[in-house]
Amino acid sequence: MELIVKHFDELSTRALYEILKTRSEIFVVEQDCVYQDLDDNDQDAIHVFCWNDKGRVAGCLRVFWKDHDESAGVAQIGRVVTLEHGKGIGGQILHKGVEIAKEQLKAKKIYLEAQEYAIGYYATEGFEVVSDVFMEDGIPHVKMELKL
């Protein structure tokens, strides 16, 4: 599996369409959660994704400066999703996202908001829970951080 790393401005129309399609399929349809996916963070983000053999984005995430504030040194990882489960795609994509925050952005810390069921997934990369459970779009979440 080849991971592709591109800033928003480098994405082809097809790649952007397929990233949004995968996010919608999982976050909106599969999780039965209507929410505003297009939140003005994509344009400033570095996107990590991979294709499957059917021409679909099999998994993706984005890395960007939290609150659009580079001076704070806190990168945020978000919209982490895999279309295909049990193939190790999510772990590889997350690892690459952390690497980008460290090496390209030179972040001091990485922040994310995880669905509660996925705490263990993020913990494998060293993320720690830093909040109580809160509801986001009807789904239990926690805030997690990784100090670099």
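Contact between A123 and M144 at its shortest, heavy atoms only, is N-CE, 4.3 Å. The minimum heavy-atom distance linking C60 with R23 is given by the pair SG-CG, 4.1 Å. Between A58 and N52 the shortest heavy-atom distance is CB-CB, 3.9 Å. Between G126 and L146, the closest heavy-atom pair is O-CD1, 3.4 Å. When every heavy atom of A101 is checked against every heavy atom of V63, the shortest pair comes out as CB-CG1, 4.2 Å. Heavy-atom minimum distance, Q115 versus Q31: NE2-OE1, 2.9 Å.
Interatomic distance, CD of E84 versus OG1 of T22, reported as 9.0 Å (0.5 Å rounding). F134 contributes atom CZ, which lies 6.0 Å from atom NE2 of H141 (distance to the nearest 0.5 angstrom). For the atom pair I119 CD1 and E128 CD, the distance stands at 12.0 Å (nearest 0.5 Å). Taking CD1 of I77 as the reference point, atom CG of L112 lies at 6.5 Å (rounded to 0.5 Å). Rounding to the nearest 0.5 Å gives a distance of 8.5 Å between CG of D67 and CG of N41. The NZ atom of K54 lies 8.5 Å from the CG atom of L83; values are rounded to the nearest 0.5 Å.
Side-chain heavy-atom separations under 4.5 angstrom define the hydrophobic clusters, and the remaining members of the one that includes L11 are I4, F8, L16, I19, L20, L38, F49, W51, V57.
A continuous path of ILVMFWY side-chain contacts below 4.5 Å connects L94 to I89, so both sit in one hydrophobic cluster. Cluster membership check: Y121 shares its hydrophobic cluster with V98, using side-chain heavy-atom separations under 4.5 Å among Ile, Leu, Val, Met, Phe, Trp and Tyr. Hydrophobic cluster membership differs between L148 and V74, with clusters built from Ile, Leu, Val, Met, Phe, Trp and Tyr side chains linked at under 4.5 angstrom.
One finds no salt bridge joining K66 and E145 here, because no Lys/Arg side-chain nitrogen approaches an Asp/Glu carboxylate oxygen to under 4.0 Å.
Remark: side-chain polar atoms of H85 are not paired, donor with acceptor, to backbone N or O of G90 under 3.5 angstrom.
The list of salt bridge (charged side-chain N to carboxylate O under 4.0 Å, His left out) pairs with a residue in residues 89-98, not counting sequence neighbours, reads K96-E99.
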Next item on the list: May I have the step-by-step check of side chain to side chain contact (heavy atoms under 4.5 Å, CB included) for W65 and D44, ending in yes or no?
Entry: CA-CA 8 Å; W65 289 113; D44 296 322; over 6 Å; no
Note to self: Show, in sequence, the C-alpha distance, side-chain angles and deciding distance for S24 and D37, and conclude whether the side chain to side chain contact (heavy atoms under 4.5 Å, CB included) test is met.
What the structure shows: CA-CA 8 Å; S24 178; D37 181 40; 5.8 Å; no
Note to self: I'd like to know whether R56 forms a side chain to side chain contact (heavy atoms under 4.5 Å, CB included) with E18, so could you lay out the CA-CA distance, the side-chain angles of the two residues, the decisive distance to 0.1 Å, and finally the verdict.
What the structure shows: CA-CA 6 Å; R56 295 285 315 275; E18 290 296 333; 3.2 Å; yes
Next item on the list: Go through F27 and D137 one step at a time and tell me if the side chain to side chain contact (heavy atoms under 4.5 Å, CB included) criterion holds.
Entry: CA-CA 10 Å; F27 293 137; D137 300 316; over 6 Å; no
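The number of heavy-atom neighbours closer than 6.0 Å to CG of D9, taken from other residues, nucleotides and ligands shown, is above 12.
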